2 protein chains.
Amino acid sequence: MGRRSDTRERIQHVALELFVEHGYENTSLREIAERLDVTKAALYYHFRTKEDIVHSLIADLVTALDELLDWGRQRPSTVETRQELLRRFSALVADRFEPVMHFIQQNIPAVKKLGVMHPLGEKLRELFALLCADVDDPEAALRTRLALVALVLGLNPIFGGAQATPPPDVALDVALELVAPRG
Amino acid sequence: MGRRSDTRERIQHVALELFVEHGYENTSLREIAERLDVTKAALYYHFRTKEDIVHSLIADLVTALDELLDWGRQRPSTVETRQELLRRFSALVADRFEPVMHFIQQNIPAVKKLGVMHPLGEKLRELFALLCADVDDPEAALRTRLALVALVLGLNPIFGGAQATPPPDVALDVALELVAPRG
DNA sequence: GTCTATACTTAGATAGAC
DNA sequence: GTCTATCTAAGTATAGAC
């Protein structure tokens, strides 16, 4: 039998790479095709549109978040649960979704235009809600948001990005502290 | 004499508005011109290129940051100084530069491509350095970055943006706490 | 499953009249 | 200082051969 091709996965990988590097709108299908040494038309065989590539990328993330949320929902709302949620989210980002998160964070206009925020934003808001639990304090809510931001901040070039990206475990420690009750 | 026109300022204002709304690359000069009810060519009278509009927008921010840094440099490196730096930065953002910060944060690829990160990134890194002072702890450094992020987080739609933007004073309180020594 | 060739659209930018 | 008209380059996408 003919060797099965992993072209589709390679397109996803290279496209994401370029989207992160140059931004979504500054990346043309021609560039993607060239880096893969295929033609533009080949891309259109695997994906209906350029937007579809992004959708396929986000879909995996949404699935993973859904599983995380499923776990979180059927656990008692305790500090331990919330901290374990952060740990698992941190691991998810570090292990599999760092590039996608990077892409999303730095291409908000594109992401909004593609209507990707609907499924994704929902999941993120629910994660946020689980982490906030019953707390109604606006300061605590902001600290919770910052805890999540801390876990993906290594990806942000603003405010001293390049020189010192915090290691994931440092970020996790700070995040855990942010959702812990005050002293 | 003929009535002097404020067209240049109006272009800056409308352009920034559209850049924030739809993103830099999704905003065409045609759109800007239409919203101002002038023609594309009129824009080219006031700005050499589309990129120049962005440069003019960032320049004001860089100037303001420079003044803030001047103040900070000639003060003793104390907790009070650092907290006052945060207060002044917070006021700067809230009063004048919220839209520009919003634009920068959500259009990183464009901003990088325009080479705007050189003057701007320098200032932000120096602000960060002043806030970090002599502290060498990576956790403290991350908390400092988060303090800055907190002050512009209202602009970020990720992680529960739309429904509850923290009021500036809440953000400032959390930021101040993040740079204060631990208990 | 991959290619060639091309249609279609829109972008940024310029020249020159008024 | 603003207009009309136009140029050039690039993008996404399609049709149809191999």
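Throughout, a chain's letter reflects where its sequence line sits, starting with A, and its residues are numbered from 1. From a predicted model like this one, the values you see are computed outputs, not experimental measurements.
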key: Length of the CG-C1' vector between L43(A) and dT2(C), whole Å   = 11 Å
query = Closer than 4.0 Å, any side-chain N/O of R30(A) to the OP1 or OP2 of dA10(D)?
reply = no
ask   = Does NZ or CZ of K50(B) lie under 6.0 Å from the centre of the six-membered ring of Y44(B), at an angle within 45° of the ring axis?
value = no
Show the distances under 3.5 angstrom between N or O atoms of the protein and N or O atoms of nucleotides 5-8 of chain D.
none

query = Which residue pairs pass the side-chain hydrogen bond (donor to acceptor under 3.5 Å, both in side chains) test with at least one member in residues 94-107 of chain A, sequence neighbours excluded?
reply = H102(A)-Q106(A)
query = What parts of residues 44-51 of chain A reach DNA chain D, counting only heavy atoms under 4.0 Å away?
reply = Y44(A), T49(A), K50(A)
remark   = Here the pair of heavy atoms bringing E25(A) nearest to A110(A) is OE2-CB, 3.3 Å
remark   = Atom CD of E34(B) and atom P of dG12(C) are separated, to the nearest Å, by 12 Å
inquiry  = Nearest whole Å is fine: how far is dG11(D) C1' from K113(A) NZ?
reply    = 12 Å
message = How many whole angstroms separate atom CG of D37(B) from atom C1' of dG1(D)?
response = 15 Å
query = Given dC3(D), is OP1 or OP2 found less than 4.0 Å from the side-chain N or O atoms of T39(B)?
reply = yes
ask   = Heavy atom of residues 15-27 of chain B under 4.0 Å from DNA chain C: which residues?
value = T27(B)
note = Among dC3(C), dG11(D), dC3(D), the one nearest any side-chain atom of A42(B) is dC3(D)
request  = Kindly work out whether a path of hydrophobic side-chain contacts (I/L/V/M/F/W/Y, heavy atoms less than 4.5 Å apart) joins W71(A) to V179(A).
outcome  = yes
request  = Only one of L172(A), L92(A), V174(A) passes side chain to side chain contact (heavy atoms under 4.5 Å, CB included) with L151(A); say which it is.
outcome  = L172(A)
inquiry  = I need the I58(A) CD1 to L114(A) CG distance, nearest 0.5 Å.
reply    = 8.5 Å
ask   = Sequence neighbours excluded, which residues qualify as ring pair (Phe, Tyr, Trp, His ring centres under 6.0 Å) partners of F89(B)?
value = none
message = Can you tell whether the side chains of E122(B) and R125(B) come within less than 4.0 Å, N to carboxylate O?
response = no
query = Any side-chain heavy atom of H55(B) within less than 4.5 Å of one from F47(B)?
reply = no
inquiry  = In whole Å, I'd like the distance from the CG atom of L36(B) to the C1' atom of dC3(D).
reply    = 15 Å
message = Of the listed nucleotides (dC3(C), dG12(C), dG11(D)), which one gets closest to any side-chain atom of V38(A)?
response = dC3(C)
ask   = Would you say the side-chain atoms of N26(A) pair up with the backbone N or O of H22(A), donor to acceptor, closer than 3.5 Å?
value = yes
ask   = Can you check the L29(B) CG to dT2(D) C1' distance for me, whole Å?
value = 16 Å
query = Is any side-chain nitrogen or oxygen of S28(A) closer than 4.0 Å to OP1 or OP2 of dA10(D)?
reply = no
Would you tabulate the side-chain donor-acceptor contacts of residues 10-20 of chain B under 3.5 Å, counting partners in other chains and residues two or more places apart, or write 'none'?
from: Q12(B); atom 1: NE2; to: S56(B); atom 2: OG; distance (Å): 2.9
from: E17(B); atom 1: OE1; to: R35(B); atom 2: NH1; distance (Å): 3.1

